[in-house]
Colleague: 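Sharing a structure, written as structure tokens. Questions coming.
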Number of protein chains: 2
Amino acid sequence: MRISARSDYACRALLELALHWPNKAPMQIGDIAKRGNIPTKYLVHILIHLKQMGLVKSTRGKEGGYILSKSPGEIVFGKFIRQIGGPFVPVAISKKGADKLNVFSPIWHDVESAISEVVDDITFQDLVEKARGLSEVLVYQI
Amino acid sequence: MRISARSDYACRALLELALHWPNKAPMQIGDIAKRGNIPTKYLVHILIHLKQMGLVKSTRGKEGGYILSKSPGEIVFGKFIRQIGGPFVPVAISKKGADKLNVFSPIWHDVESAISEVVDDITFQDLVEKARGLSEVLVYQI
DNA sequence: ATATACATTACTAGCATGATCATGTTAGTA
DNA sequence: TACTAACATGATCATGCTAGTAATGTATAT
């Protein structure tokens, strides 16, 4: 499984918005980009995509920006990754049924299940707590 | 995880060679390509790669071709896939250590482990038996 | 010798990715 | 109302990878 920059950015953006939650004031693109270390111009498109997916809400104009449309606890990491990056194991090639001896697809199916078991058990609330934990450690280190 | 055509072809080629095993006579590229439904010209490169990996041996000239250099039971599917297609979860982006709040990498690590547990438990001997089982079913159906 | 089959390198077309830019549209505020 | 901050949308572009083809070289059995 290759994690594209796009998926990675999307994850980080969503994490930043989750860390911002439940603050009502919208978070601006530039702010998200800065905190998440994401190219601003690129983030624009990702956020639009996230909006189309119903994960975030936007407000235009002055004081505008983005907020999550659900609580972080309702956003499942695995589901999100699948929506953003496509299915985990898209075997690009599924030749015509002639392949009676397709011994491989069951394996990919099992792989997909194994992955899902890991990632479908994580919500962005978990990630928020983890991130907060990590930054506390950081404070201690300084 | 995206399975490239290349990886898919490599798997199928190796399976054909495994089905051929332990026949001493080498199997020719054209033959492998035909049985595995693989573009011949492309298969050339894959076989060279497999040879460099030490999985197959080649004989040039008339009556030349390829055979496995180990028994199918010694070839682990997971290891093979990793060698051919690269690591399962190469997060292309591992920004400078500044990312203290990298809450994602542990997840990818867990995913990688989960995948490995599935695919490292399968050898090409297993696949051969499965394929033979499937073709028997085929015979019955005819 | 010669035909056969692997070896190697070069090349191409197409596509996806990451990224930027230009130009709209919306909405708060003086 | 005019202005400005911020999102919205689509076009564009450079780059690199992927799948596939072609041409030429090298080894070997007969």
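Chain letters run A, B, ... following the sequence lines, proteins first, then strands; residues in each count from 1.
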Colleague: Just N and O in the side chain of B:Y9: are any of them under 4.0 Å from OP1 or OP2 of D:dA19?
Modeller: no
Colleague: Just to confirm, is there a sub-4.0 Å distance from OP1 or OP2 of D:dA8 to any side-chain nitrogen or oxygen of A:K51?
Modeller: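 Answer is yes, contact under 4.0 Å.
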Colleague: Start with the C-alpha distance between A:D8 and A:R12, add both sets of side-chain angles, then the distance that settles salt bridge (charged side-chain N to carboxylate O under 4.0 Å, His left out), and finish with yes or no.
Modeller: CA-CA 6 Å; A:D8 186 52; A:R12 290 201 256 162; 2.9 Å; yes
Colleague: Any side-chain N or O of A:Y66 below 4.0 angstrom from OP1/OP2 of D:dA6?
Modeller: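 No, because none of the side-chain N or O atoms of A:Y66 sits under 4.0 Å from OP1 or OP2 of D:dA6.
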Colleague: For the side chain of A:R6, counting heavy atoms from C-beta on, which of C:dG18, C:dC6, D:dC7 is nearest?
Modeller: C:dG18
Colleague: Show, in sequence, the C-alpha distance, side-chain angles and deciding distance for A:Y66 and A:W21, and conclude whether the ring pair (Phe, Tyr, Trp, His ring centres under 6.0 Å) test is met.
Modeller: CA-CA 11 Å; A:Y66 289 87; A:W21 179 271; over 10 Å; no
Colleague: With respect to the phosphate group of C:dA7, does any side-chain polar atom (N or O) of B:S58 fall under 4.0 Å of OP1 or OP2?
Modeller: yes
Colleague: Describe the nucleic acid contact of A:I29 in one word from base, sugar-phosphate, nothing, applying a heavy-atom distance below 4.0 Å.
Modeller: sugar-phosphate
Colleague: Going by atom types alone, do A:S116 and A:S113 pair a side-chain donor with an acceptor below 3.5 Å?
Modeller: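 Per modelled atom types, A:S116 and A:S113 side chains form no pair under 3.5 Å.
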Colleague: Roughly, in whole Å, what's the span from NE2 in A:H49 to P in C:dT17?
Modeller: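 Taking NE2 of A:H49 and P of C:dT17, I get 12 Å after rounding.
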Colleague: Please pick, from D:dT9, C:dT20, C:dG18, the nucleotide with the shortest atom-to-atom distance to any side-chain atom of A:V44.
Modeller: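 That would be D:dT9.
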Colleague: Looking at side-chain heavy atoms only, is the closest gap between A:S71 and A:Q125 below 4.5 Å?
Modeller: no
Colleague: Please report, rounded to the nearest Å, how far the P atom of D:dA8 is from the CD atom of A:Q28.
Modeller: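 To the nearest whole Å, that distance equals 12 Å.
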Colleague: Distance check needed: D:dT9 P versus A:Q52 CD, whole Å only.
Modeller: 7 Å
Colleague: Hey, is the side chain of A:H45 pairing donor to acceptor with the base of C:dG18 inside 3.5 Å?
Modeller: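 No, no donor-acceptor pair under 3.5 Å.
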Colleague: How long is the line joining OH of A:Y42 and P of D:dG10, in whole Å?
Modeller: 17 Å
Colleague: Counting heavy atoms from C-beta on, name the nucleotide in D:dA19, C:dG18, C:dC6 closest to the side chain of B:S4.
Modeller: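 Output: D:dA19.
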Colleague: Heavy atoms from C-beta onward define the side chain here; which of D:dC7, C:dT4, C:dA19 lies closest to that of A:P39?
Modeller: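 Per side-chain heavy atoms of A:P39, the pick is C:dA19.
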Colleague: For a quick check of understanding: with a heavy-atom distance under 4.0 Å over all strands, which category does A:G30 fall into, base, sugar-phosphate or nothing?
Modeller: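 Answer is nothing: A:G30 stays at 4.0 Å or more from every strand.
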Colleague: Establish whether A:L50 and A:Y42 are linked, either directly or via other cluster members, by ILVMFWY side-chain heavy-atom contacts under 4.5 Å.
Modeller: yes
Colleague: When you get a sec, tell me which of D:dA19, C:dA5, D:dA8 is the closest nucleotide to the side chain of A:R60?
Modeller: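 Per side-chain heavy atoms of A:R60, the pick is D:dA8.
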Colleague: Please report, rounded to the nearest Å, how far the P atom of C:dG18 is from the CZ atom of A:R12.
Modeller: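 From A:R12 CZ to C:dG18 P: 12 Å.
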Colleague: Atom CD1 of B:I48 and atom P of C:dC6: how far apart are they, to the nearest Å?
Modeller: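 B:I48 atom CD1 is separated from C:dC6 atom P by 10 Å.
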Colleague: Please report the distance, rounded to the nearest Å, between CD in B:E63 and P in D:dT30.
Modeller: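 Spelled out: CD on B:E63 to P on D:dT30 is 6 Å.
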Colleague: Measure from the side-chain N and O atoms of B:H20 to the backbone N and O of B:A25, and report whether any donor-acceptor pair falls under 3.5 Å.
Modeller: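 Here the side-chain-to-backbone pair exists.
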Colleague: Hey, which of these two, A:K62 or A:T40, hits DNA chain C nearer its 5' end, going by closest nucleotide?
Modeller: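 This one resolves to A:T40.
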Colleague: Could you give the NZ-to-C1' distance, from B:K41 to D:dA23, as a whole number of Å?
Modeller: 10 Å
